[in-house]
Amino acid sequence: MRARFKLAPVLLASIFLNMTSAIPLLFKSEKTHSYSLHYLEKSNHDETKLQEAMKKSKLFSQTFPHEVKLAPFLQSGKLQSITCSLCKLGVAAVQKALSSGMSSEAIVELAKILCVTFAHEDDRVCTGLVNMFKDEVLTVLDSLILSPEEVCGLVFGDDCAESYWPFDAWNVTLPDVPKPPVVPHVLPKPGSPTVRVLHLTDIHLDTLYSAGSKATCGEPLCCRADDGQPDTGGPGAGYYGDYRNCDTPAWTLEGLFTHLAKQQFDYILWTGDLPAHNIWNQSRSDQTGMLRNLTAMVKKYFPDKPVFPALGNHESSPVNSFPPSEIKGNQSISWLYDALADTWAAWLPAETLDTIRTGAYYSVSPYPGLRVVSVNTNACNNMNWWLFFNETDPDGQLAWLIKTLQKAENKKEKVHIIGHIPPGIDDCLEMWSRNFYKIVDRYESTISGQFFGHTHHDHFQVFYDLQTLKRPTNVAYISPSVTPFSNLNMGYRIFTLDGNYSASSWEVLDHETYILNLTAANTRKSPPTWDLEYSAKAKYGMTSLFPEDWDVLVSRMEKNDSLLQTFHSYYYKSHASGPCDSSCSEALVCALRSAKSHSTKLFCPSLRTSAAQHLAQLSATMC
């Protein structure tokens, strides 16, 4: 889904992206320089435009997926081809550097120079990123046997390059147990018990946030004391938060938790991304410290509430780096997974800790008849460059998921799957997403809810049966972020479920989204209020929230522009930059129907070029 500057996993760190044009010149190699021009000619781009694209990109955005200001290329429909071209150029350049005998020390020093020169970041950002990524990057690059086409085809899909990679074409094995007959969804009887579930995601707490500081500092994350004061006449960082590249202030989060302590809900889903976006300056101890501190804060404000967490892509150091369990020694991820097991043990039973330590996934039953399954979606994170070694079902998680779902089916339990990265967006590698889709299709009668975060936006994705791709089978709810990063209001969601009684469906009956309007909050003298933004049933005119109802809603949006504009506003937590035009609306509808990554052509075969361009632009604003 996201055609954007996300070359960090391709080049295995953003510090090497900038070598794409510089290395051929530094090597003074006709062969290398011709190699670069070869890709330029194939993609119908000239070197000047590629240079300009690199100069306009942010190093942070290349390392962590977020908004990139490449409007000229987006408008001309060239973003995907430019990222693809840069991908091939960059991989070829880095491989050439290593094969030519360039020392790791020389590559690191060159990366720092190129970072400052081409990414327009300051010395502290560049030095921090290079030092954080160097060991892992060089380890993988030195072992990588893939060609530029194979690497870029894996990450960007067949639109970039058709690649052969033996570990890419893999399939999970489903049990021989026949799929039960699909029973039509039925609303519970009036007065049946319900359960309310708080969903918190993407908090991105910034303990160094400084109100009044410079919010346009030129670095990936601003609104900190060491960013200095705003330019003369320019507004400083808002007290409660800021729409610019700034994260959640500690006092705003305290205010949110104080507000939530008065709300009625039965348990909490907490789907990851705890630290701020200062990814150039985060050590392992910083990350585990943030995990412990936020866990203590949740326990303080909600001492009697069960909490079911999932791992985000920002909890590691470096960001997006999640080696599989076979990677041992100093590069092992055990430092993080052990910390997760230790902190999550406050809410989870002892039998979950083994799989948490192995792969940061687990299963637990909070009520008779309901099972919550937390998956680690970094196993499909296309920014997780360790997966280039072998992306086949990392840590056996999907095989475990199948066994867990089959046991639940045998016991007539319903299952809620929680995670961070929605498997239907292009941040999730195609084969993992395809296999997940296959699992959902088989266990559609068991899975009664899916809950994700990561994008910072408010949306959903509908799953369809594999046989016809027409019958809705499931829906993934993608809840809005707490952080306003970037250009958003702050938000959270409460789901109402069919509740705890015999033969409950445990289906989602409604959801309510609450936001903190930062414009209003920062101009009032009184404490800010978290207000109900909308209820899904009331605002969208839905009598139920079954998969078929969401499919009908998408069809209604195609014909009712007012309805689509309403959805578009909520997508941005009531802070959209403007109305959604015809290309935007077509792109939105396509995204809502595409719950399998890299499958736009499958679900939206008639998507116009302008809509595809907007889909790329829409995707470029996600995290």
Side-chain angles (χ1 to χ4, degrees), residues 5 14 18 51-64 66-72 74-75 112-129 204-255 275-282 456 481-490 515-529 572-578 620-621 623:
F5 264 76
S14 62
N18 304 289
Q51 291 276 13
E52 286 302 311
M54 285 190 291
K55 289 179 181 179
K56 291 181 180 180
S57 64
K58 284 286 187 182
L59 184 63
F60 167 69
S61 302
Q62 298 154 0
T63 306
F64 173 76
H66 201 67
E67 185 173 11
V68 181
K69 304 300 184 182
L70 288 174
L74 287 166
Q75 292 166 2
K112 292 178 182 178
I113 295 171
L114 294 173
C115 172
V116 174
T117 302
F118 289 103
H120 298 292
E121 297 291 354
D122 58 29
D123 285 337
R124 68 171 180 172
V125 173
C126 289
T127 299
L129 276 175
H204 291 290
L205 174 62
D206 188 2
T207 57
L208 298 181
Y209 187 99
S210 178
S213 62
K214 195 171 186 177
T216 53
C217 65
E219 291 188 342
L221 181 69
C222 300
C223 296
R224 295 177 146 204
D226 59 3
D227 292 325
Q229 295 300 303
D231 297 334
T232 303
Y239 183 78
Y240 292 105
D242 202 282
Y243 291 121
R244 290 162 286 186
N245 287 353
C246 308
D247 272 320
T248 304
W251 50 89
T252 305
L253 187 62
E254 292 269 3
H277 286 92
N278 59 318
I279 61 168
W280 70 93
N281 187 29
Q282 292 175 335
H456 293 194
S481 63
V482 172
T483 183
F485 193 102
S486 163
N487 205 32
L488 300 167
N489 283 314
M490 308 176 79
I515 62 169
L516 176 66
N517 185 307
L518 283 177
T519 300
N522 286 327
T523 54
R524 292 175 185 162
K525 295 182 179 180
S526 57
T529 60
Y572 290 100
K573 288 182 278 184
S574 295
H575 196 253
S577 58
T621 65
C623 294

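These figures come from a predicted structure and were not determined experimentally.
Taking the six-membered ring where the residue is Trp, His277 and Phe485 present parallel rings, their angle staying beneath 30° rather than reaching 60°.
Proximity of Pro484 to Asp242: side-chain heavy atoms (C-beta onward) are nowhere separated by under 4.5 Å. Two residues are said to be in side-chain contact when any heavy atoms from C-beta on lie closer than 4.5 Å; Arg244 and Pro235 meet this criterion.
With sequence neighbours left out, Thr216 forms a side chain to side chain donor-acceptor pair (under 3.5 Å) with no residue at all.
Nearest approach of Tyr209 to Gly238, heavy atoms of both residues: OH-O, 2.5 Å. Residues Leu516 and Pro528 share a closest heavy-atom pair of CD1-CB, 3.4 Å. In plain terms, the two heavy atoms of Pro230 and Gly212 that are nearest each other are CD-O, 3.2 Å. The two residues Tyr239 and Trp251 make their nearest non-hydrogen contact at O-NE1, 2.7 Å. Heavy-atom minimum distance, Leu253 versus Leu205: CD2-CD1, 4.1 Å.
Between the side chains of Tyr243 and Thr519, a donor-acceptor pair is found at a separation under 3.5 Å. Remark: the Asn489 side chain and the His575 side chain contain no N/O donor-acceptor pair separated by less than 3.5 Å.
Interatomic distance, Asp231 CG to Cys217 SG, rounded to the nearest 0.5 Å: 11.0 Å. In this structure, CD in Glu219 is found 10.0 Å from CG in Asn281, a value given to the nearest 0.5 Å.
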Could you give me the CA-CA distance, side-chain angles and deciding distance for His456 and His204, then say whether side-chain contact (heavy atoms from CB on, under 4.5 Å) is met?
CA-CA 11 Å; His456 293 194; His204 291 290; 3.4 Å; yes
Would you please test Leu221 and Trp280 for side-chain contact (heavy atoms from CB on, under 4.5 Å) and show each step?
CA-CA 10 Å; Leu221 181 69; Trp280 70 93; 4.2 Å; yes
Derivation and outcome, side-chain contact (heavy atoms from CB on, under 4.5 Å), residues Ser574 and Ile515
CA-CA 8 Å; Ser574 295; Ile515 62 169; 3.9 Å; yes
Lys573/Asn517 under side-chain contact (heavy atoms from CB on, under 4.5 Å): CA gap, chis, key distance, verdict
CA-CA 9 Å; Lys573 288 182 278 184; Asn517 185 307; over 6 Å; no
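For the pair Thr483 (side chain) and Asp247 (backbone), a donor-acceptor distance under 3.5 Å is absent. In this structure, the side chain of Thr252 engages the main chain of Tyr240 through a donor-acceptor pair within 3.5 Å. Without hydrogens or angle criteria, Asn522 side chain to Gly241 main chain gives a donor-acceptor distance under 3.5 Å. The closest donor-acceptor contact from the side chain of Gln282 to the backbone of Ala276 lies under 3.5 Å.
SG distance check for Cys223 and Cys246: under 2.5 Å.
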